[in-house]
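Labels below follow one simple rule: chain letters A, B, ... track the order of the sequence lines, proteins then strands, and each chain is numbered from 1.
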Amino acid sequence: MAASDSSFIHWRFAAQGLFDLKQALKKQGIQLLVLHAEFIEFFERLLEYVDVKIVYSHCETGNQVSFNRDKHVAAYLKMKAVIWKEYQRDGVVRRLKSRKAWPANWYQTMHNSLFASASLKFSELRLPVPFLNAFEIPDFPIDDKARFQPGGRQNGLKYLNSFLQERVVGYVKHISKPAESRRSCSRLSPYLAWGMLSMREVYQAVERQKKLQPERRFQLKFFQERLRWHCHFIQKFETECRMEFHNLNPVFNQVRTQTNERILEAWKAGATGFPLVDACMRCLKATGYINFRMRAMLVSFITHNCWQPWQAIAPYLAQLFLDYEPGIHYPQIQMQAGSSGTHIIRTYDVVKQSYKQDPMGNFIRLWVEELKDLPLAFVHEPWKLSREDRMKSIPSYPEPVVDLKQSRQFAQQELWGLKKTKQAKEYNQYLLNLLTNQGS
DNA sequence: AAAGTTTTTTC
DNA sequence: AAAAAACTT
């Protein structure tokens with residue numbers, strides 16, 4: 001876990017998964033060590049009891065904090081003459097030379113057979129109790145009232161099965177809707193992010209389902225394409241990790257540099273005065289999940305309409321997303337903020353989205369308590385109420401923090417202006433070669 | 001398979 | 001027909 005982006009919900013989800021795994025293995029008579037510590041501190045003491053020759057791990061596409069940790073670990077293990085073997089994850093390649101064959105290679109990787117854990121041979125390792133106690137994760141209290149998805153591989157498999165057998169029916173239709181997507185999307189993202197399910201096993205399960213239910217091929221294939229995009233973005237971040245902090249195209253460095261704390265706080269609290277924006281934020285805070293389109297809208301609103309630097313909101317969202325995945329997080333935020341240069345600038349109209357994605361206003365009414373008794377037209381646009389009615393019926397709901405039309409026009413003008421400069425276009429050519437699959 | 005495509009304007 | 005602008009899933 002990267003310290004800078006860590007949060008309570010991540011910790012809880014991860015811990016739940018580990019205890020789940022520990023219980024499952026205990027039934028088979030295998031005692032799994034679930035320990036928690038900084039690697040070097042732990043390993044240094046472990047070496048007092050065991051002669052370790054090789055360390056295995058997956059190849060993590062993390063953020064700067066985890067990258068620095070890995071560099072320390074690599075140097076330390078080299079010094080101890082221990083081999084560190086990292087396995088490629090999800091078709092994401094370290095030090096990738098060219099992306100040209102990436103999509104084809106990804107599909108190939110997804111079809112390769114799964115690693116057969118059953119063939120592993122374990123031998124008993126005896127460690128003294130005080131050593132174990134020093135690193136043991138304490139029992140983790142599960143809050144029954146919390147509305148986050150439950151951790152653990154077993155829960156991940158439940159989501160996978162219910163998605164493939166039932167929920168996928170509405171996948172394409174509901175993918176952009178904040179309410180319906182909660183059921184019709186797979187909801188596998190946290191299990192994938194935390195390694196409780198592997199990308200390849202999910203892909204192959206979908207492949208099997210396509211054969212079982214040819215009538216659902218369209219939806220299932222669409223989902224597989226989403227899985228590929230998932231990895232596509234992680235690969236981008238693997239190749240260009242500076243995008244955690246810097247605009248991908250430096251031409252954008254000259255604008256949107258000042259923060260406005262009042263506006264940032266309003267957005268973080270779900271109190272911007274724009275019902276769908278506020279509903280999405282409040283829902284995300286309560287459940288750790290909001291669908292992709294609404295994430296894009298939240299970022300578009302704060303970076304374009306509110307003209308806030310994306311760097312000011314990236315760690316906050318990382319903490320809220322139960323499925324936080326650095327390799328998706330930063331490319332997506334820059335894409336929605338329009339700072340990648342190579343992507344078109346999407347400036348969502350949050351009112352239009354409101355009418356389109358939540359036509360009956362049900363999602364808004366569910367999450368923005370203040371608006372639940374308003375007639376439909378005002379649920380989308382409460383500022384249309386007369387001042388008198390507003391004071392009477394929604395006294396605690398805030399006025400809009402920005403002028404939607406004006407702010408949108410300003411952002412478009414600024415960003416398109418920069419995007420069209422010679423400097424931006426030249427740098428984009430470099431980025432296209434580096435980060436897309438058409439490059440040389 | 002560049003997570004842009006469609007519509008409008010200009011030549 | 002090409003370029004620019006408008007507007008998106």
(request) Could you tell me how the ring of Tyr191(A) sits relative to the ring of Phe13(A): parallel (under 30°), tilted (30 to 60°) or perpendicular (over 60°)? (result)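 Answer is tilted, since the angle falls between 30° and 60°.
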Answer yes if the ring centres of [X] and [Y] are under 6.0 angstrom apart, and no otherwise.
X: Tyr203(A); Y: Trp106(A); result: yes
X: Phe223(A); Y: Phe218(A); result: no
X: His380(A); Y: Tyr355(A); result: yes

Answer with base, sugar-phosphate or nothing: what part of the nucleic acid does [X] contact at a heavy-atom distance below 4.0 Å?
X: Ile328(A); answer: nothing
X: Trp416(A); answer: base
X: Gln353(A); answer: sugar-phosphate
X: Tyr107(A); answer: base
X: Lys177(A); answer: nothing

(message) Tell me if the side-chain of Arg99(A) makes a donor-acceptor pair with the base of dA2(B), cut-off 3.5 Å, by modelled atom types.
(response) no
(request) Answer with yes or no whether Gln332(A) presents, from its side chain, a donor or acceptor under 3.5 Å of a partner atom in the base of dA3(B). (result)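 Such a pair is found, so the answer is yes.
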(request) Output the single nucleotide from dC7(C), dA1(B), dA2(B) whose closest atom is nearest the side chain of Arg228(A). (result) dA1(B)
(request) Under the side-chain hydrogen bond (donor to acceptor under 3.5 Å, both in side chains) rule, collect the residues that match up with Asn68(A), sequence neighbours excluded. (result)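 side-chain hydrogen bond (donor to acceptor under 3.5 Å, both in side chains) list for Asn68(A), sorted by chain: empty.
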Can you check the [X] [atom1] to [N] [atom2] distance for me, whole Å?
X: Asn291(A); N: dA3(B); atom1: CG; atom2: P; answer: 21 Å
X: Tyr348(A); N: dA3(B); atom1: OH; atom2: P; answer: 15 Å
X: Leu435(A); N: dA2(B); atom1: CG; atom2: P; answer: 13 Å
X: Gln412(A); N: dC7(C); atom1: CD; atom2: C1'; answer: 8 Å
X: Asn105(A); N: dA1(B); atom1: CG; atom2: C1'; answer: 12 Å
X: Gln334(A); N: dA2(B); atom1: CD; atom2: P; answer: 21 Å
X: Arg408(A); N: dA6(C); atom1: CZ; atom2: P; answer: 10 Å
X: Leu432(A); N: dA1(B); atom1: CG; atom2: C1'; answer: 14 Å

Using a cutoff of under 3.5 Å, can you pull out all pairs of nitrogen or oxygen atoms linking the protein to nucleotides 1-5 of chain C, with atom names and distances?
from: dA5(C); atom 1: OP2; to: Lys420(A); atom 2: NZ; distance (Å): 2.9

(message) Less than 4.5 Å apart, side chain to side chain, heavy atoms only: is that true for Phe292(A) and Arg226(A)?
(response)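 Contact flag for Phe292(A)/Arg226(A) side chains = no.
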(request) Report yes if the side chains of Phe163(A) and Arg187(A) come closer than 4.5 Å at any heavy-atom pair, otherwise no. (result) no
(message) Within the 3.5 Å criterion, strictly below it, is a donor on Ser162(A) or Arg167(A) matched to an acceptor on the partner's side chain?
(response) yes
(message) Any donor-acceptor pair under 3.5 Å linking the side-chain atoms of Glu238(A) with those of Thr61(A)?
(response) yes
(message) Distance check, P atoms only: dA3(B) and dC7(C), in whole angstrom units.
(response) 24 Å
(message) Taking the P atom in each of dT7(B) and dC11(B), what is the distance between them to the nearest angstrom?
(response)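 My reading of the P atoms in dT7(B) and dC11(B) gives 22 Å.
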(request) Find the runs of at least 3 consecutive base pairs, i with j, i+1 with j-1 and so on, that include DNA chain C, using Watson-Crick or G-U wobble geometry with both distances under 3.5 Å. (result) B:4-10 with C:1-7
(message) Between Gln204(A) (side chain only) and Met110(A) (backbone N and O only), is there a donor and an acceptor less than 3.5 Å apart?
(response)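 Indeed, once roles are kept as given, a pair shorter than 3.5 Å links the two residues.
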(message) For His343(A), is there any backbone N or O sitting under 3.5 Å from a side-chain donor or acceptor partner on Lys419(A)?
(response) yes
(request) Sequence neighbours left out, what pairs pass side chain to side chain donor-acceptor pair (under 3.5 Å) with at least one residue falling in residues 306-315 of chain A? (result) Asn247(A)-Trp310(A), Trp310(A)-Ser339(A)
(request) Mind jotting down which residue pairs meet the side chain to side chain donor-acceptor pair (under 3.5 Å) criterion with at least one end in residues 360-379 of chain A? Sequence neighbours excluded, please. (result) Arg282(A)-Glu370(A)
Polar pairs (N or O, both sides) under 3.5 Å between protein and nucleotides 7-11 of chain B?
none

